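Below you'll find the structure, written out as structure tokens, and then a few comments.
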Amino acid sequence: MKACFIGLGYIGLPTAVIAAGNGIEVTGVDINPEIVKSVNSGKIHFSEPGLEEMCRKAVSSGKLKAYAGPQTSDAYIIVVPTPFKGNHEPDISYVESAVITILPYLKEGDLCIIESTCPVGTTEKMAELIFSEKPDLKDKIYLSYCPERVLPGNTVYELIHNDRVIGGINKESAEKAESFYKHFVKGDIYKTNARTAELCKLTENASRDVQIAFANELSIICEKAGINVWELIELANKHPRVNILQPGSGVGGHCIAVDPYFITSEFPVESQLIGKAREINNYKAFWCSEKILSTMKDFNLREGREPVVALMGLSFKPNIEDLRESPAKYIVSKVMQAHNNADFLIVEPNIEAHKVYKLTDYGEAYETADIVAFLVAHNEFKNLEYRNDKIILDFCGVFKK
Ligand code: SAJ
């Protein structure tokens with residue numbers, strides 16, 4: 001069987017490599033010539049444990065080859081980005097142009113799968129596009145939507161073992177896609193229609209965003225109430241049917257912080273809670289920066305000098321190097337802009353250097369600073385002794401005190 005993956009990014013490349021390792025002859029396609037070149041030399045352009053070795057094997061065995069454009073295949077899997085235009089309006093133009101590039105190759109019996117996170121109704125729109133351009137293919141090809149749900153850093157394992165939801169434009173399309181994924185998915189496969197599968201992906205991430213917003217709102221209430229939010233949540237979670245998540249310095253990444261907007265932009269009136277949760281999680285990062293600035297002001301009034309401030313963490317979540325959409329990065333830039341004559345020590349144990357910020361070792365920063373703001377709960381920070389002689393702003397539960 002031949003499969004053509006359009007888009008060799010964080011999801012497309014690992015899925016293409018895994019498919020190539022399970023008896024499928026795989027073509028990888030990317031508009032970025034650097035990516036085409038690196039894949040064909042068995043290299044990957046981002047870090048994902050175990051993936052580069054698998055890519056090297058797939059390429060050297062001739063099962064995976066990358067090109068700038070599609071090659072004739074039996075299945076075409078579209079895994080391109082779906083970014084946003086200005087005001088959180090989803091942009092599906094990459095998906096549309098991927099469909100247009102495969103049009104000349106589509107023949108009777110072919111399978112087309114969209115994996116990109118999309119607004120509800122996108123798969124049906126792509127069906128209209130295909131059948132308006134090639135009416136002879138109507139009801140002659142299979143078209144399905146199948147989102148991924150992997151956790152960055154554990155992608156290979158989860159692509160194979162996580163359950164998958166497949167939404168077909170008709171029953172046969174879902175079944176055809178199921179037989180494709182059965183080549184390498186060991187998790188259970190659940191079939192439904194395209195619209196349900198599209199909203200399912202958005203629902204998973206929006207539900208997590210709402211749950212995190214609840215925890216963040218609790219943390220702001222507890223600050224005012226003089227209650228330790230970490231203790232509060234731990235006690236509330238003793239209830240057999242309560243599971244409150246952890247407050248943080250905001251919500252980052254290119255999934256949880258983004259996917260809810262696919263819902264609020266299409267259902268602005270109906271999605272009140274989902275929209276509000278986004279506001280609360282964005283506000284939490286602002287609240288943290290204000291808290292740091294007011295603590296610095298109090299220090300100056302009391303001590304008659306500017307404090308040394310350690311800002312602990314830049315990545316969007318603990319123990320990774322990914323800074324995309326990171327609330328910690330937002331807080332660092334906001335605090336430094338507002339107070340450019342204080343002495344800031346910036347810490348990120350998961351990267352060697354940063355193009356804008358000079359980085360300090362976390363132990364040294366903790367030792368030197370008067371004020372220590374924990375923005376990301378990296379494992380390294382949990383080895384630090386709690387110090388009463390420092391002002392500690394623990395936004396993400398490093399000490400849980
Ligand atoms: N966060 C909190 N408190 C928590 C949990 C997370 O503040 O209790 C913050 C994190 O610090 C981070 C953000 O939320 O800034 C998102 O972190 P995450 O681990 O929840 O999400 P991602 O973006 O790494 O991965 C999510 C996962 N979705 C769900 O857990 C429902 C993953 O399964 C998805 O596949 C992925 O989004 C995606 O690609 O959509």
Side-chain angles (χ1 to χ4, degrees), residues 7 9-15 46-48 79-83 90 115-118 146-165 187 197-220 229-230 233-234 236-237 242-263 274 277-278 280-285 287-288 312-331 348 350 374-379 381 394-398 400:
Y10 293 96
I11 303 302
L13 181 54
T15 315
F46 50 87
S47 75
E48 188 58 52
V79 204
V80 295
T82 44
E115 287 202 359
S116 310
T117 303
C118 291
C146 179
E148 50 71 32
R149 44 176 58 155
V150 300
L151 211 51
N154 195 24
T155 297
V156 172
Y157 177 84
E158 292 206 349
L159 276 174
I160 295 168
H161 293 91
N162 282 3
D163 293 352
R164 300 233 26 175
V165 171
E198 287 163 340
L199 188 56
C200 183
K201 168 68 188 175
L202 303 177
T203 298
E204 291 160 14
N205 284 345
S207 73
R208 190 159 168 86
D209 198 44
V210 168
Q211 292 175 60
I212 297 167
F214 182 78
N216 281 330
E217 183 156 277
L218 271 187
S219 69
I220 294 171
V229 69
W230 313 105
I233 290 173
E234 192 183 352
N237 282 348
V242 171
N243 175 30
I244 300 164
L245 294 182
Q246 295 296 300
S249 54
V251 168
H254 44 291
C255 313
I256 305 280
V258 171
D259 293 1
Y261 291 121
F262 281 98
I263 298 176
I274 295 170
R278 280 281 71 236
I280 292 168
N281 286 330
N282 288 337
Y283 172 69
K284 181 66 188 290
W287 183 87
C288 291
M312 309 290 273
L314 280 178
S315 60
F316 87 79
K317 71 186 234 185
N319 312 316
I320 61 163
E321 60 183 41
D322 193 342
L323 307 190
R324 282 179 300 174
E325 314 280 323
S326 161
K329 219 172 51 176
Y330 161 83
I331 293 167
E348 179 39 70
N350 295 289
F374 286 96
L375 307 176
V376 189
H378 290 314
N379 287 341
F381 301 159
D394 181 9
F395 297 125
C396 50
V398 167
K400 305 262 187 214

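Both counts, for ligands and for their atoms, begin at 1 and track the order of listing. Everything numeric here is computed off the predicted structure, so don't read it as measured data.
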Closest approach of any protein heavy atom to atom 14 (O) of ligand 1, naming residue and atom: Ile212 CD1, 3.5 Å

Polar contact flag for Arg149 and ligand 1 (N/O pairs, less than 3.5 Å): yes

Residue and atom name of the nearest protein heavy atom (relative to atom 3 (N) of ligand 1), distance in Å to one decimal: Gln246 O, 2.7 Å

Val150 N/O under 3.5 Å from ligand 1 N/O: yes

Atom 20 (O) of ligand 1 - nearest protein heavy atom and its distance: Arg208 NE, 2.4 Å

Under 4.0 Å to a heavy atom of Lys201 - the qualifying atoms of ligand 1, by number: 35 (O), 38 (C), 39 (O), 40 (O)

Nearest-neighbour protein heavy atom for atom 17 (O) of ligand 1, which is reported as residue plus atom name and distance: Lys317 CD, 3.9 Å

Ligand-side contact atoms (ligand 1) for residue partner Glu148, heavy atom cut-off under 4.0 Å: 35 (O), 39 (O)

Option with minimal heavy-atom separation from atom 28 (N) of ligand 1, where the choices are Asn205, Asp322, Ile233: Asn205

Enumerated ligand 1 atoms positioned under 4.0 Å from heavy atoms of Leu151: 24 (O), 25 (O), 27 (C), 32 (C)

Contact (N/O only, under 3.5 Å) between Cys255 and ligand 1: no

Within-cut-off N or O pair, Glu158 and ligand 1, under 3.5 Å: no

Identity and separation of the nearest protein heavy atom to atom 15 (O) of ligand 1: Phe316 O, 2.5 Å

Salt-bridge present (Lys201, Glu148; N to O < 4.0 Å): yes

Arg324 charged N/C atom sitting above Phe46 aromatic ring, 6.0 Å / 45°: no

Glu348/Lys329 salt bridge by N-O under 4.0 Å criterion: no

